[in-house]
Amino acid sequence: MTHRNAIQFAYWVPNVSGGLVISDIEQRTDWSYDYNVRLAQAAEKNGFDYALTQVRFTAGYGAENQHESVSFSHALLAKTEKLKVIAAILPGPWKPALAAKQLATIDYLTNGRIAVNIVSGWFKGEFDAIGEEWPEHDERYVRSEEFIRSIKGIWTKDNFSFEGKYYQFTNYTLKPKPIQQPSIEVFQGGSSRAARDMASRVSDWYFTNGNSLEEIKKQVDDIREKAKANNHHVKIGVNAFIIARDTEEEAHAVLQEIIRKANVEAVHAFGDAAKEAGTASKEGEGNWAKSSFEDLVQYNDGFKTNLIGTPEQIAERIVDLKNVGVDLILSGFLHFIEEVEYFGKKILPLVRKLEEKNNH
Ligand SMILES: Cc1cc2nc3c(=O)[nH]c(=O)nc-3n(C[C@H](O)[C@H](O)[C@H](O)COP(=O)(O)O)c2cc1C
């Protein structure tokens with residue numbers, strides 16, 4: 001049984017090839033539509049609230065093939081009933097008027113189950129390849145913030161006008177407005193100061209890379225304090241690569257095998273490209289600023305969150321994260337469908353029990 005403020009769960013949609021770890025270990029995960037439909041259906045049956053698609057125009061780290069995020073999200077929504085799917089969008093290739101219109105239509109077609117993740121870009125090579133401008137790190141967030149203000153303005157106001165550096169609107173009225181009121185949920189990804197400041201002003205959700213409990217707590221406290229000063233409420237989602245096995249030894253053996261079989265060249269190539277994001281921000285606190293080789297094998301630092309062990313250990317650590325203010329766990333798995341089912345059967349009931357206990 002769920003209760004008020006139950007922690008929520010999302011999973012990464014494998015709409016790019018190669019799985020969620022940059023390793024030659026066997027991954028019973030597939031980027032095909034058929035596999036993804038079965039996964040989405042299994043996820044909604046097993047207690048997942050959201051699925052997050054990835055946006056990628058070129059291969060970054062062995063992710064050789066990528067399906068486009070918005071159309072793929074819509075196709076998954078068409079085959080599910082309750083799951084919300086978060087489509088990832090990059091300001092640059094997308095313009096806010098198109099994104100707002102496209103997502104409002106999908107909202108209608110799916111009875112209000114679309115959400116959006118505004119990502120600011122980490123891969124310069126990708127932007128160069130498709131002829132898009134590559135503003136420097138903090139400037140990318142100036143653009144993203146204007147993008148979010150624009151789509152939210154379009155969704156919530158008639159005669160919307162906006163005078164930004166990157167986007168301008170004059171008396172624009174979108175009809176119909178989305179079904180979801182007051183607006184479609186807006187997530188964002190990134191951990192730098194610029195990302196946190198943007199979250200504390202405009203986003204509904206702040207998504208961050210995996211990290212230790214202490215580091216996550218620092219981010220949560222920082223963002224919540226700033227958001228409060230701005231009279232804004234933002235929820236927090238944290239990435240974790242979950243390795244749940246019946247014994248702790250088995251779970252750790254899987255982690256060791258993933259790292260032992262890492263695709264060294266691709267991990268280094270990814271690490272170099274990611275520096276454009278992680279260390280490019282002035283304060284050097286962005287995603288990947290402090291990631292080791294082992295961390296980078298899961299491309300959003302998912303091992304660091306340490307949801308690796310038995311169902312009991314993982315459930316306890318999830319509730320610890322909730323207790324420092326985390327609202328959602330964004331999860332990745334080695335063998336997606338089978339592990340999402342294991343999660344629903346073995347871990348989720350323990351999480352709900354612990355939450356219930358905490359409430360009394
Ligand atoms: C949960 C999450 C999902 C992300 N998804 C994407 C994505 O699909 N495509 C993309 O290009 N970047 C994605 N990013 C990268 C961010 O947009 C951002 O470039 C990166 O996190 C570095 O930001 P920072 O320097 O502000 O920390 C994602 C980041 C996070 C945390």
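Just follow the structure's listing: the first ligand is 1, and inside any ligand the first atom is 1. Values in this document were obtained by computation on a predicted structure and should not be read as measured data.
- Heavy-atom distances between W288 and ligand 1 reach below 4.0 Å in at least one pair.
- Counting only non-hydrogen atoms, the option in A194, A289, G189, G237 that gets closest to atom 29 (C) of ligand 1 is G189.
- Ligand 1 has G121 within reach: a non-hydrogen atom of the residue lies less than 4.0 Å from it.
- Taking only non-hydrogen atoms, the option from Y299, Y141, W205 nearest to atom 23 (O) of ligand 1 is Y141.
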Exercise for review: Kindly determine whether D301 and S291 satisfy side-chain hydrogen bond (donor to acceptor under 3.5 Å, both in side chains), including the steps that lead there.
Suggested key: CA-CA 7 Å; D301 279 357; S291 309; 2.9 Å; yes
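- Contact between N239 and ligand 1 is absent, with no heavy atom of the residue lying under 4.0 Å from the ligand.
- Within the 4.0 Å heavy-atom criterion, the part of A195 lying near ligand 1 is the side chain and not the backbone.
- Of all the atoms in ligand 1, the ones that sit under 4.0 Å from a non-hydrogen atom of R56 are 7 (C), 9 (N), 10 (C), 11 (O).
- Here the options are Y167, F169, Y172, the test is ring pair (Phe, Tyr, Trp, His ring centres under 6.0 Å), and the partner is F160; only F169 passes.
- Ligand 1 places these atoms under 4.0 Å from at least one heavy atom of L330: 1 (C).
- Per-residue contacts place W122 under 4.0 angstrom from the following atoms of ligand 1 (heavy atoms of the residue considered): 10 (C), 11 (O), 12 (N), 15 (C), 19 (O).
- For ligand 1, the atoms lying closer than 4.0 Å to a non-hydrogen atom of G286 are 25 (O), 27 (O).
- Between R140 and ligand 1 there is no heavy-atom distance shorter than 4.0 Å.
- Every heavy atom of I118 sits 4.0 Å or more from the atoms of ligand 1.
- The proximity of H137 to ligand 1, defined as any non-hydrogen pair under 4.0 Å, is limited to the side chain.
- Taking the side chain to side chain donor-acceptor pair (under 3.5 Å) definition, one finds that S161 meets it with nothing, sequence neighbours left out.
- Aromatic ring centres of F241 and F303 lie closer together than 6.0 Å.
- By the 4.0 Å heavy-atom criterion, F57 is excluded from the residues contacting ligand 1.
- Short contacts between ligand 1 and Q54, defined as distances under 4.0 Å to a heavy atom of the residue, involve ligand atoms 8 (O).
- Distance alone, capped at 3.5 Å, is enough to place a donor-acceptor pair between the Q298 side chain and the L20 backbone.
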Check your understanding: Could you walk me through whether F147 and W94 pass the ring-ring contact (aromatic ring centres under 6.0 Å, His included) check?
Key -> CA-CA 9 Å; F147 195 100; W94 270 270; 8.5 Å; no
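- Aromatic ring centres of F57 and F123 lie farther apart than the 6.0 Å criterion allows.
- Formation of a donor-acceptor pair under 3.5 Å by the S331 side chain with backbone atoms of A10 is found in this model.
- Using a 4.0 Å cut-off to heavy atoms of V55, the atoms of ligand 1 that qualify are 7 (C), 8 (O), 9 (N), 10 (C), 11 (O).
- No donor-acceptor pair closer than 3.5 Å links the side chain of R196 to the backbone N or O of I223.
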